[in-house]
Amino acid sequence: MGFRTSGARTRGVLRISETSSLLENARPNLGIDFARIISGAEAGSFKPHVATYRKAAELLGLAPDAILFVANHAFDCVGAKAYGMRTCFVDRRKRPFGQWPYQPDLIVADFEELAERFT
């Protein structure tokens with residue numbers, strides 16, 4: 001299954017549990033020009049709490065189903081999927097996703113494979 005951007009602008013967003021200031025300071029060394037960096041501190045909670053995903057959608061001005069949440073931890077994908085986001089599980093540790101009620105829309109081996117799916 002491949003994902004296409006359908007002509008819409010695709011934005012890269014980094015969402016992590018660290019503080020925004022720490023991430024902003026690291027931005028020059030990330031190697032990717034993220035359109036936005038969102039921290040758990042902005043949501044007042046951390047993954048997999050629903051408030052983190054809700055705040056990310058609010059800050060981006062997007063409906064949850066317009067967002068592809070990418071993670072290498074199943075519980076993060078489960079939280080995002082339960083909120084209504086599309087999800088991609090990066091199976092870099094070669095572990096099964098598990099029998100969660102919210103399965104990912106896409107499973108890839110690594111970020112290189114994820115990038116290939118969008119080309």
Side-chain angles (χ1 to χ4, degrees):
M1 174 176 159
F3 282 84
R4 299 284 178 214
T5 60
S6 70
R9 182 172 181 266
T10 302
R11 295 185 272 183
V13 177
L14 178 63
R15 164 59 185 92
I16 195 161
S17 298
E18 302 299 331
T19 64
S20 292
S21 61
L22 178 65
L23 292 169
E24 286 297 339
N25 290 336
R27 185 187 280 264
N29 302 311
L30 295 175
I32 298 173
D33 184 23
F34 289 100
R36 179 82 161 81
I37 295 178
I38 301 171
S39 75
E42 288 180 85
S45 62
F46 297 94
K47 301 176 294 181
H49 192 280
V50 68
T52 61
Y53 308 104
R54 185 182 303 122
K55 187 64 170 182
E58 175 189 315
L59 290 170
L60 295 172
L62 295 171
D65 64 354
I67 298 170
L68 177 65
F69 181 88
V70 179
N72 72 326
H73 293 102
F75 62 87
D76 288 337
C77 286
V78 169
K81 187 74 172 184
Y83 177 61
M85 293 178 171
R86 297 185 319 158
T87 58
C88 174
F89 176 60
V90 181
D91 189 16
R92 63 184 181 153
R93 294 182 179 135
K94 308 297 182 238
R95 297 180 188 168
F97 187 83
Q99 297 302 313
W100 296 90
Y102 299 100
Q103 292 293 304
D105 297 290
L106 180 65
I107 297 176
V108 296
D110 52 37
F111 287 99
E112 186 174 312
E113 182 183 347
L114 176 61
E116 289 171 3
R117 299 285 184 113
F118 284 93
T119 59

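Any value given below was found using the heavy atoms of this structure, including those in side chains, with hydrogens, waters and symmetry copies removed. Source: prediction; values computed, not measured.
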* Taking all non-hydrogen atoms of both residues, which atom of Cys77 and which atom of Cys88 are closest, and how far apart? -> SG-O, 3.6 Å

* Is any side-chain N of the basic residue among Glu58 and Arg54 closer than 4.0 Å to the acidic one's carboxylate O? -> no

* Is there a side-chain contact between Asp91 and Val108, using heavy atoms and a 4.5 Å cut-off? -> no

* Taking atom OH of Tyr102 as the centre, report whether more than 12 heavy atoms of other residues, nucleotides or ligands fall under 6.0 Å from it. => no

* **Contacts of Gln103 that satisfy side-chain hydrogen bond (donor to acceptor under 3.5 Å, both in side chains) - sequence neighbours left out** => none

* Asked: Any side-chain heavy atom of Val90 within less than 4.5 Å of one from Phe111?
  -> yes

* To do: Please name all residues satisfying salt bridge (charged side-chain N to carboxylate O under 4.0 Å, His left out) with Asp76, sequence neighbours left out, ordered by chain then number.
  => Lys47

* Give, for atom OH of Tyr83 and atom CZ of Phe69, the distance between the pair rounded to the nearest 0.5 Å. => 13.0 Å

* Any Asp65 side-chain heavy atom under 4.5 Å of Met85 side chain -> no

* Structure fact -> The reported gap from CZ in Arg86 to CG in Leu68 (rounded to nearest 0.5 angstrom) is 5.5 Å

* Asked: Under a single-linkage definition using a 4.5 Å side-chain heavy-atom cutoff for Ile, Leu, Val, Met, Phe, Trp and Tyr, are Phe97 and Phe75 assigned to the same hydrophobic cluster?
  -> no

* To do: Compare all side-chain heavy atoms of His73 with those of Arg93 and state whether any distance is below 4.5 angstrom.
  => yes

* Given side chains that start at C-beta, do those of Leu106 and Arg117 come closer than 4.5 Å, heavy atoms only? -> yes

* Asked: Minimum heavy-atom separation for Tyr53 to Gly79, with atom names?
  -> CE1-C, 3.5 Å

* Asked: Counting only N and O atoms by type, is there a donor-acceptor contact under 3.5 Å from the side chain of Asp105 to the main-chain atoms of Thr87?
  -> yes

